[in-house]
2 protein chains.
Amino acid sequence: MVQRSRELNPCPVSTLTNLLSGPWTMYILWVLSNSGPTRFGALKRKIAGISTKMLTERLRMLEQEEILYRHYEPTVPPQVTYGLTEKAKELITILEQLDDLAQRWYG
Amino acid sequence: MVQRSRELNPCPVSTLTNLLSGPWTMYILWVLSNSGPTRFGALKRKIAGISTKMLTERLRMLEQEEILYRHYEPTVPPQVTYGLTEKAKELITILEQLDDLAQRWYG
DNA sequence: CTGAATCCCTTACGATACTG
DNA sequence: CAGTATCGTAAGGGATTCAG
C-alpha cells in the first residue's frame with residue numbers, strides 16, 4: 001500500500017505521507033541534507049545496510065516528486081549526483097522539528 | 001523493517017520515523033486529532049479500509065509510545081476509547097505543517 | 001560507477017472465524 | 001463491542017548477476 005497512486009487517493013496529506021512512509025525515505029533526505037549533493041556510491045555507503053535496489057527505487061520516487069534532482073555526468077565511468085531541490089528544503093525544515101522532538105523523547 | 005526496536009537502533013530520529021512510517025499510523029493520529037477521543041468501532045469506520053488487526057496493532061504501538069491513551073470502560077458491552085496524549089499534540093503540530101505543505105504541493 | 005533484471009524467500013497484511 | 005487467533009496470499013525487499 002505504500003505505493004498508492006495520487007489518482008486513487010486524492011487526499012494531499014496521504015499523498016505526502018505515503019511518499020515519506022517508504023522505508024529509508026526520510027533517512028535518505030536526512031543524509032542529503034547533511035552531506036549536500038552526493039554521488040550514488042557515496043550515498044549507498046552512508047546509508048549502511050540499504051540494498052542497491054532499494055536505494056535506486058527510493059531515489060527514483062523522490063526524483064519524480066521533484067524532491068531531489070539527478071545529475072548525470074557522462075564520463076567514463078559515469079558520475080551521477082543526487083541533491084535536494086528547493087521543494088525538499090521545505091520538507092527538511094519540518095523533518096528538523098521531528099528531529100528535535102525525537103531528541104527530547106528518546107535522546 | 002518497520003518494526004526495528006529502540007535497542008537495535010539507537011538513533012532517536014530513526015526511532016520516531018520508524019514509528020510513524022507504519023501504515024495508517026499518521027492517518028490514525030490525524031483522525032484522532034480532528035475527532036477527539038473516539039471509540040474503537042467509530043475509529044474503524046472513520047478509517048475506511050483498515051482491518052481490525054491493523055487498527056489494533058497500530059493502536060497498541062502508539063499506546064506503548066504514550067502517544068495515545070486507551071480508556072477501558074467495563075460496561076456491557078464494554079466501551080474502549082482512544083485519545084491523544086499531550087505527547088501526541090507536539091507531534092500533531094508538526095503533522096499540521098506537513099498538511100500545509102501537502103496542500104500547496106498537491107492540493 | 002551506476003544501475004537494471006532475476007530469483008527467491010520472508011513477512012506483512014487482509015479475510016475470516018471465534019471469544020469475553 | 002472490542003478485540004484475539006489462525007490461515008493463506010501477495011508482495012516487499014535482499015542477494016546476486018549482468019550491462020552500458
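Order of the sequence lines sets the chain letters (A, B, ...), proteins ahead of strands, with each chain counted from 1.
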Expected output: side-chain B:S51 to main-chain B:G49 donor-acceptor under 3.5 Å | no
Spacing of A:E57 atom CD relative to D:dA11 atom P, expressed in whole Å | 14 Å
Any side-chain N or O of B:Y72 under 4.0 Å from OP1/OP2 of C:dG20?
-> no
Picking from C:dT2, C:dG14, C:dA4, which would you name as closest to the side chain of B:S51?
-> C:dG14
With the side chain defined as heavy atoms from C-beta on, A:P77 is closest, among C:dT2, C:dC1, C:dG14, to C:dC1
Minimum-distance nucleotide (side-chain atoms of A:R60 versus C:dA4, C:dT6, C:dC1) | C:dA4
At under 4.0 Å, does any side-chain N or O of B:Y82 touch on OP1 or OP2 of D:dC1?
-> no
Verify salt bridge (charged side-chain N to carboxylate O under 4.0 Å, His left out) between A:E86 and A:K89, making sure each step is shown before the conclusion.
-> CA-CA 5 Å; A:E86 286 306 312; A:K89 288 166 187 172; 3.4 Å; yes
Nucleotide of D:dG3, D:dC1, C:dC1 approaching B:P78 most closely (side-chain heavy atoms) = D:dC1
Can you tell me the distance, in whole Å, between the CE atom of A:M54 and the P atom of C:dT2?
-> 19 Å
Rounded to the nearest Å, what distance is computed from the CD atom of residue A:E73 to the P atom of nucleotide C:dT2?
-> 12 Å
Closest to the B:T56 side chain: C:dC13, D:dT4, D:dG14?
-> D:dT4
So which nucleotide from C:dG14, C:dT2, D:dT4 ends up closest to the side chain of B:T52?
-> D:dT4
A:R58 side chain N/O closer than 4.0 Å to the phosphate oxygens (OP1, OP2) of C:dG3?
-> no
Does the side chain of B:R39 get closer than 4.0 angstrom to OP1 or OP2 of D:dC1 through an N or O atom?
-> no
Heavy-atom side-chain contact between B:L59 and B:F40 under 4.5 Å = yes
Grab the CD1-C1' distance between B:I50 and C:dA15 for me, whole Å please.
-> 14 Å
Between A:I47 (CD1) and C:dT2 (P), how many Å, whole number?
-> 13 Å
Is B:R70 near enough to D:dA2 that one of its side-chain N or O atoms lies under 4.0 angstrom from OP1 or OP2?
-> no
What integer distance in Å separates A:L55:CG from D:dA15:P?
-> 14 Å
Grab the NZ-P distance between A:K53 and D:dT17 for me, whole Å please.
-> 16 Å
Please state how far atom CG in B:L59 lies from atom C1' in D:dC1, giving the value in whole angstrom units.
-> 15 Å
Return yes if some donor-acceptor pair links the side-chain N/O of B:S35 with the main-chain N/O of B:L32 below 3.5 Å, else return no.
-> no
Say whether, by atom type as modelled, one donor and one acceptor occur between the side chain of A:T85 and the main chain of A:G83 under 3.5 angstrom.
-> no
